[in-house]
2 protein chains.
Amino acid sequence: MARISSPSSYDCWLGYKFIDNNELRKVYSERCSSMVVIGKTELNETARKELMHALTQMLGEPPQSEILVQGLGIVIGTFGSSKLFDWLTSIYDFDELGEEGYVIHTSDDGKIYLSAATDQGVLYATFHFIRLLQTGDCIKKLKIREIPDNSLRMIDHWDNMDGSIERGYAGNSIFFRDMQFTGELDRIRDYARLLASVAINAVAINNVNVHSHESKLITEQFLPEVAKVASVFRSYGIRLYLSINFASPMELGGLDTADPLMPEVSSWWNDATKDIYRYIPDFGGFLVKADSEFRPGPFTYGRTHADGANMLADALQPFGGEVIWRCFVYNCMQDWRDRTTDRARAAYDHFMPLDGTFRDNVLLQIKNGPMDFQVREPASPLFGGLKRTNQLLELQITQEYTGQQRHLCYLVPQWKQVLDFDTYAQGEGSTVSKAASGTLSGRKRGGLAAVANIGNDANWTGHVLAQANWYGYARLAWNSSLSSEQIAQEWIRMTFGSEDELERVILEILLSSYEIYEQYTSPLGVGWMVEPGHHYGPNIDGYEYSKWGTYHYADCNGIGVDRSMQSGTGYTGQYHSPVSQIFETTEHCPDELLLFFHHVPYTHMLKSGKTVIQHIYDSHFSGADRAANMIVLWDSIENKIDRDRYQQVRERLIHQAEHALEWRDIVNTYFNRKSGISDDYGRHIY
Amino acid sequence: MARISSPSSYDCWLGYKFIDNNELRKVYSERCSSMVVIGKTELNETARKELMHALTQMLGEPPQSEILVQGLGIVIGTFGSSKLFDWLTSIYDFDELGEEGYVIHTSDDGKIYLSAATDQGVLYATFHFIRLLQTGDCIKKLKIREIPDNSLRMIDHWDNMDGSIERGYAGNSIFFRDMQFTGELDRIRDYARLLASVAINAVAINNVNVHSHESKLITEQFLPEVAKVASVFRSYGIRLYLSINFASPMELGGLDTADPLMPEVSSWWNDATKDIYRYIPDFGGFLVKADSEFRPGPFTYGRTHADGANMLADALQPFGGEVIWRCFVYNCMQDWRDRTTDRARAAYDHFMPLDGTFRDNVLLQIKNGPMDFQVREPASPLFGGLKRTNQLLELQITQEYTGQQRHLCYLVPQWKQVLDFDTYAQGEGSTVSKAASGTLSGRKRGGLAAVANIGNDANWTGHVLAQANWYGYARLAWNSSLSSEQIAQEWIRMTFGSEDELERVILEILLSSYEIYEQYTSPLGVGWMVEPGHHYGPNIDGYEYSKWGTYHYADCNGIGVDRSMQSGTGYTGQYHSPVSQIFETTEHCPDELLLFFHHVPYTHMLKSGKTVIQHIYDSHFSGADRAANMIVLWDSIENKIDRDRYQQVRERLIHQAEHALEWRDIVNTYFNRKSGISDDYGRHIY
């Protein structure tokens with residue numbers, strides 16, 4: 001029996017731990033004693049290899065047979081590739097499954113069928129089946145039918161060619177180093193495998209801030225290298241996208257304009273696009289940050305975002321490519337003295353007038369909230385606002401504002417809130433999830449994109465437990481109705497194994513971490529209060545007098561931003577009724593977003609029954625205490641975790657607890673000094 | 001007649017403008033129709049060339065003769081080098097002049113004698129005489145006798161070998177680039193000439209934070225290059241010093257300790273010192289920042305600063321070198337929550353117990369104030385405190401906290417306040433100036449050191465008018481009793497020429513600039529309130545919750561640091577009576593230092609008759625208005641200044657005025673929000 005070394009943090013959730021439970025392993029070994037993959041395609045081969053590897057690792061030996069046998073075994077292939085799968089049509093509607101859906105079914109005679117319309121679906125089915133074994137599920141009566149909620153499930157890398165990663169907290173890029181490709185395709189393959197295991201189907205490999213060197217990725221200078229990376233991803237069913245520089249016709253082409261309506265400009269892009277497809281026939285398309293934070297764009301020429309996006313879309317259309325156009329557009333040179341401009345309004349104000357004017361192969365990529373990945377924001381009103389435009393919900397897996405992977409912050413609960421947010425665009429139930437996927441307005445294109453949290457650290461994510469965010473994002477992109485708990489449970493079992501106490505403790509740590517992080521950082525939806533630039537650690541006034549449009553307006557009487565229609569910036573008017581009315585008044589606005597929408601006195605009574613100031617004190621004392629307690633919890637399962645991962649996590653939890661004290665004390669001291677109001681419980685505030 | 005192109009900003013105060021006033025020029029031409037330098041030494045040759053150049057430029061033609069002639073002319077040389085100077089002994093006591101003093105005397109028959117005990121004095125006399133011509137003085141009856149107040153008049157460069165300058169605002173280093181010496185000795189010669197013209201006699205060329213590469217400056221790898229630079233300085237009477245790394249015996253010598261009491265350590269330093277003197281026979285000595293801001297030092301080994309300094313001093317002593325040991329030692333990892341630790345106390349607490357234990361060739365370099373070059377601080381109590389130790393007053397010409405040469409801030413008035421500060425160490429009149437020079441306690445060594453404000457910018461200092469600080473520092477180091485106005489007048493005439501209106505306007509701008517800068521920045525001696533790290537621009541809470549020990553403790557009721565003996569940190573007790581008592585109470589403490597010494601309510605009434613909060617508002621509105629008015633003043637003399645310098649200054653004044661508004665509004669808004677108290681005059685506060 002071939003025993004294999006225990007999984008390391010590098011393996012993430014695909015460590016395929018040997019199943020210690022003899023009884024369970026015996027059942028699995030019987031049921032999986034043979035496996036056969038019908039049809040030779042690249043993705044089928046990927047599926048075959050993965051299943052073989054997984055079974056060998058988990059069961060201690062490879063399947064006895066890889067040919068079709070009588071009795072128990074696994075049969076894998078696309079529907080139609082063999083009459084073996086025909087009988088499944090009486091149970092499942094294969095048309096409905098689409099290109100990526102799949103079924104996993106145990107026949108009455110005990111055979112397990114993994115099938116789909118395409119080999120991509122087959123690959124997903126295979127990983128799903130492996131997951132069932134990892135999580136110790138019963139496989140005797142499987143009747144699984146999965147269809148993705150979102151057709152596009154994307155990861156965005158903010159990697160620069162010098163190897164740095166903007167907002168990266170887990171080492172350097174796995175793609176680039178010293179202005180070149182790393183050429184380390186094995187690592188990229190390991191990465192693609194992890195992505196495919198959770199059905200990610202698109203990846204943009206370079207930063208949306210495209211500097212002069214990175215602009216050349218779409219030229220002959222780098223396309224051969226880009227194509228190598230695309231090939232690796234292709235073997236896992238993932239299409240590669242590139243972030244582009246809107247000014248490329250000038251910077252690369254020597255034109256004196258990048259005006260999207262000038263024929264020489266579109267002609268330049270047409271040629272550039274053709275070149276790309278010569279190298280990468282399934283190239284996904286362009287990701288574009290234009291007219292934002294000093295990036296060039298159509299505004300320079302008096303053109304609209306639609307003019308810019310459509311010009312690129314027309315170049316890509318013949319090849320099946322698409323344009324992903326970011327809506328993160330606002331005035332980043334705001335005068336802090338100007339109380340009328342509201343950055344929260346910007347994306348809606350810019351893009352709503354353009355609804356319906358974008359080509360069908362354009363998707364607008366919209367950040368979950370109107371500001372920028374704060375620990376708490378309302379959902380962007382563009383969801384539910386836009387009706388005739390493809391949308392893509394942008395999330396941030398990398399923890400820019402949520403502890404930078406030195407703090408634990410399991411973000412799935414935050415993302416669930418966004419996805420489940422009801423926009424009321426078409427009455428009750430018009431969730432952001434439906435808006436993003438396109439189902440709300442009957443559009444085929446749509447989905448989720450998220451900024452990666454991985455780098456070339458040995459454990460990929462710096463903080464081992466931050467792998468759960470990566471995993472969780474992908475699972476939500478596939479199935480937005482999964483709960484935070486379900487996802488965490490899956491991930492824990494796959495990553496650390498199935499042990500009740502271990503699962504209970506890690507689950508508790510993960511599920512409480514977002515609330516804890518919010519407790520000791522900026523309160524009640526007000527956001528920011530971080531060090532400018534790197535965004536790590538508390539600085540209450542850090543952005544208060546800056547040009548970034550991110551203020552809290554705290555004075556000796558109160559705090560918060562009045563975004564009401566009645567007396568404020570009118571931002572609440574960007575939502576549909578009744579959301580608009582709920583946010584409009586302090587009476588109805590939920591506590592957790594109160595300071596996002598309203599400026600209130602410190603003595604304002606929250607729905608929780610506490611004053612704002614007492615809430616600040618209480619939540620910060622509590623958050624810091626609970627952060628410290630996470631170490632205790634973690635230590636309680638020390639003997640159930642390998643030394644390496646135990647220590648890696650512990651070091652970060654210790655730092656987090658210390659840093660939470662700094663947060664607690666600075667926030668509490670700041671507000672105590674500013675308000676002059678004492679803590680009801682007389683706790684020490686410095 | 002050889003007319004020369006007009007002076008540029010590169011020339012600084014040695015532009016030697018052609019004298020347009022025909023009458024005056026005629027007198028000068030007659031009086032200077034011949035010049036003769038007695039004795040061939042390197043410095044005499046420097047003096048001869050400089051005078052020849054100056055006369056040629058200013059008078060339009062060289063002197064008619066360089067041999068001794070009958071009639072009018074200039075006779076230059078050391079006393080004793082020729083009997084020509086003997087008759088001067090009946091008028092001047094040459095013993096009293098010492099090594100650097102000099103006389104300038106017009107004999108009854110109209111000859112002008114420049115003489116001194118040494119050729120260094122002769123060089124200074126020559127530059128002095130040139131200055132007389134530049135400023136349009138009458139030279140018919142000169143009777144000048146000058147003796148420097150300070151034996152050491154030093155400039156410290158914080159230059160790194162990568163070419164960067166710590167706290168440099170005028171380009172990169174003129175000494176280093178790309179981890180090497182620039183080799184541009186012409187520029188260094190131009191620099192030495194400017195220094196010698198104002199009698200600077202010492203220069204340290206590398207940053208006191210000595211990184212690993214710079215540590216090697218004292219090794220064979222770099223000593224040949226160091227020696228070349230030292231030669232250039234030598235030809236202008238300037239000795240070269242190096243900042244050293246206290247851990248050199250380990251980092252360079254491979255020892256496992258840098259303990260100053262271990263024989264192998266002192267032996268290593270003895271050898272290293274010998275090597276240096278082989279290359280540079282007049283090497284000045286070592287500048288040391290030890291046990292400060294993460295620099296290594298004797299504390300590591302349980303030794304005192306005296307142990308460390310004396311060990312180095314013993315190595316240097318045989319060669320006539322000295323150790324300059326910085327007193328900038330404090331806890332830079334302070335917990336902001338800790339209200340008992342006071343950074344202001346640190347230097348005194350560290351060094352007073354060591355008074356009298358340092359070798360005679362050690363000087364303690366003490367920053368002017370107890371904190372760090374803020375716009376307003378009290379004088380360091382080490383002056384007047386130390387009685388049996390050589391001292392060196394450290395000033396900062398580079399405008400780290402005073403506008404970084406983008407704002408105009410003529411610092412001579414600030415330095416005058418420090419020099420004139422009466423410590424009462426030996427009764428009234430025990431000024432810092434006397435303490436630093438050594439005269440207060442009868443010590444020969446002493447003087448001033450200052451951090452350079454120059455770089456490789458074409459105009460040396462970034463802001464053309466910042467040249468006045470460089471000039472002014474040197475003039476004060478020579479003669480601390482010169483007034484701010486005298487120095488400014490000299491500098492204006494030498495730099496821009498003698499024109500009444502031009503002089504009046506620039507004088508007004510310069511003399512008001514320190515007050516203006518203070519008005520719109522941090523108030524009443526509280527300091528800081530700048531962006532952390534680079535220290536430019538307002539950030540009221542920027543250092544409030546940091547580890548640097550620099551807090552203002554503003555809350556909704558008041559602001560300031562209680563440093564009294566009665567209720568505070570006891571820092572006031574470090575001063576002699578009656579200074580200690582004056583600072584001790586709000587009743588006697590001068591307004592401008594109130595918040596340095598006391599925490600008071602915003603409603604506290606100042607001696608000025610204003611409340612603290614109203615003072616903050618008034619001074620900030622006034623300061624910003626006056627900053628804007630500097631542009632008007634400057635524009636009024638547009639036609640009296642060359643285009644280039646006019647524009648250079650104007651651009652900076654415009655930036656300053658805009659940035660002053662930012663300061664004004666952020667400070668006022670911060671305190672308005674915090675105090676809730678309105679401006680008496682209802683001016684707009686955001």
Side-chain angles (χ1 to χ4, degrees), chain A residues 333-341 528-534 536-548 551-560 599 601-603 613 620 624 658-659 661-678 683-686, chain B residues 333-341 528-534 536-548 551-560 599 601-603 613 620 624 658-659 661-678 683-686:
Chain A
M333 293 293 282
Q334 189 176 334
D335 189 329
W336 61 270
R337 303 167 186 84
D338 167 18
R339 295 287 279 257
T340 60
T341 301
W528 313 95
M529 301 191 170
V530 291
E531 285 290 353
H534 59 63
Y536 192 71
N539 185 339
I540 314 304
D541 275 359
Y543 275 96
E544 194 56 19
Y545 302 94
S546 75
K547 64 191 178 188
W548 297 97
Y551 315 114
H552 56 64
Y553 300 128
D555 62 20
C556 58
N557 303 307
I559 180 174
H599 188 91
Y602 294 117
T603 52
I613 190 73
H620 284 78
E658 284 168 1
H659 202 230
L661 286 181
E662 190 75 359
W663 267 102
R664 177 194 75 180
D665 290 336
I666 290 177
V667 171
N668 282 347
T669 300
Y670 178 95
F671 285 104
N672 182 247
R673 287 189 188 175
K674 203 141 201 168
S675 70
I677 300 173
S678 304
R683 288 166 292 196
H684 193 56
I685 295 175
Y686 295 88
Chain B
M333 292 294 282
Q334 189 176 333
D335 189 329
W336 60 269
R337 302 167 186 84
D338 167 18
R339 296 287 280 257
T340 59
T341 302
W528 315 94
M529 301 191 170
V530 291
E531 286 289 353
H534 58 62
Y536 192 71
N539 185 339
I540 314 305
D541 275 0
Y543 275 95
E544 194 57 20
Y545 302 94
S546 76
K547 63 191 179 187
W548 297 97
Y551 316 114
H552 55 63
Y553 302 127
D555 61 21
C556 58
N557 303 308
I559 180 173
H599 187 92
Y602 295 117
T603 52
I613 189 73
H620 284 79
E658 284 167 1
H659 203 228
L661 286 181
E662 190 74 0
W663 267 102
R664 177 194 76 182
D665 290 336
I666 290 178
V667 172
N668 283 346
T669 299
Y670 178 94
F671 285 104
N672 183 246
R673 288 188 187 174
K674 203 140 200 169
S675 70
I677 300 172
S678 304
R683 289 165 292 194
H684 193 55
I685 295 176
Y686 295 88

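Reminder, nothing fancy here: chain letters follow the sequence lines and each chain counts from 1. Model, not experiment: these values are computed from the prediction.
Looking at every heavy atom in both residues, A/Ser675 comes nearest to B/Cys556 through C-SG, 3.9 Å. Scanning both residues, B/Arg337 and A/Leu661, for their nearest heavy atoms gives NH2-O, 3.4 Å.
Side chains of A/Trp336 and B/Thr669 form a contact here, defined as non-hydrogen atoms less than 4.5 Å apart.
With A/Tyr670 as the aromatic partner, B/Lys674 meets the cation-pi criteria of under 6.0 angstrom to the ring centre and within 45 degrees of the ring axis.
Atom CD of residue B/Glu544 and atom CG of residue A/Asp541 lie 10.5 Å apart, to the nearest 0.5 angstrom. Rounding to the nearest 0.5 angstrom, the gap separating the CG atom in B/Asp555 from the CZ atom in A/Phe671 is 14.5 Å.
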Discussion item. Show, in sequence, the C-alpha distance, side-chain angles and deciding distance for B/Tyr553 and A/Arg673, and conclude whether the side chain to side chain contact (heavy atoms under 4.5 Å, CB included) test is met.
Written reply: CA-CA 8 Å; B/Tyr553 302 127; A/Arg673 287 189 188 175; 3.4 Å; yes

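By the 4.0 Å N-to-carboxylate-O rule, A/Glu662 lies too far from B/Lys547 to be salt-bridged with it.
Highest contact tally toward chain B, considering only A/Asp665, A/Asn539, A/Ile540, is held by A/Asp665 [criterion: heavy-atom pairs under 4.5 Å].
The side chain to side chain donor-acceptor pair (under 3.5 Å) check on B/Tyr543 picks up B/His535, with sequence neighbours excluded.
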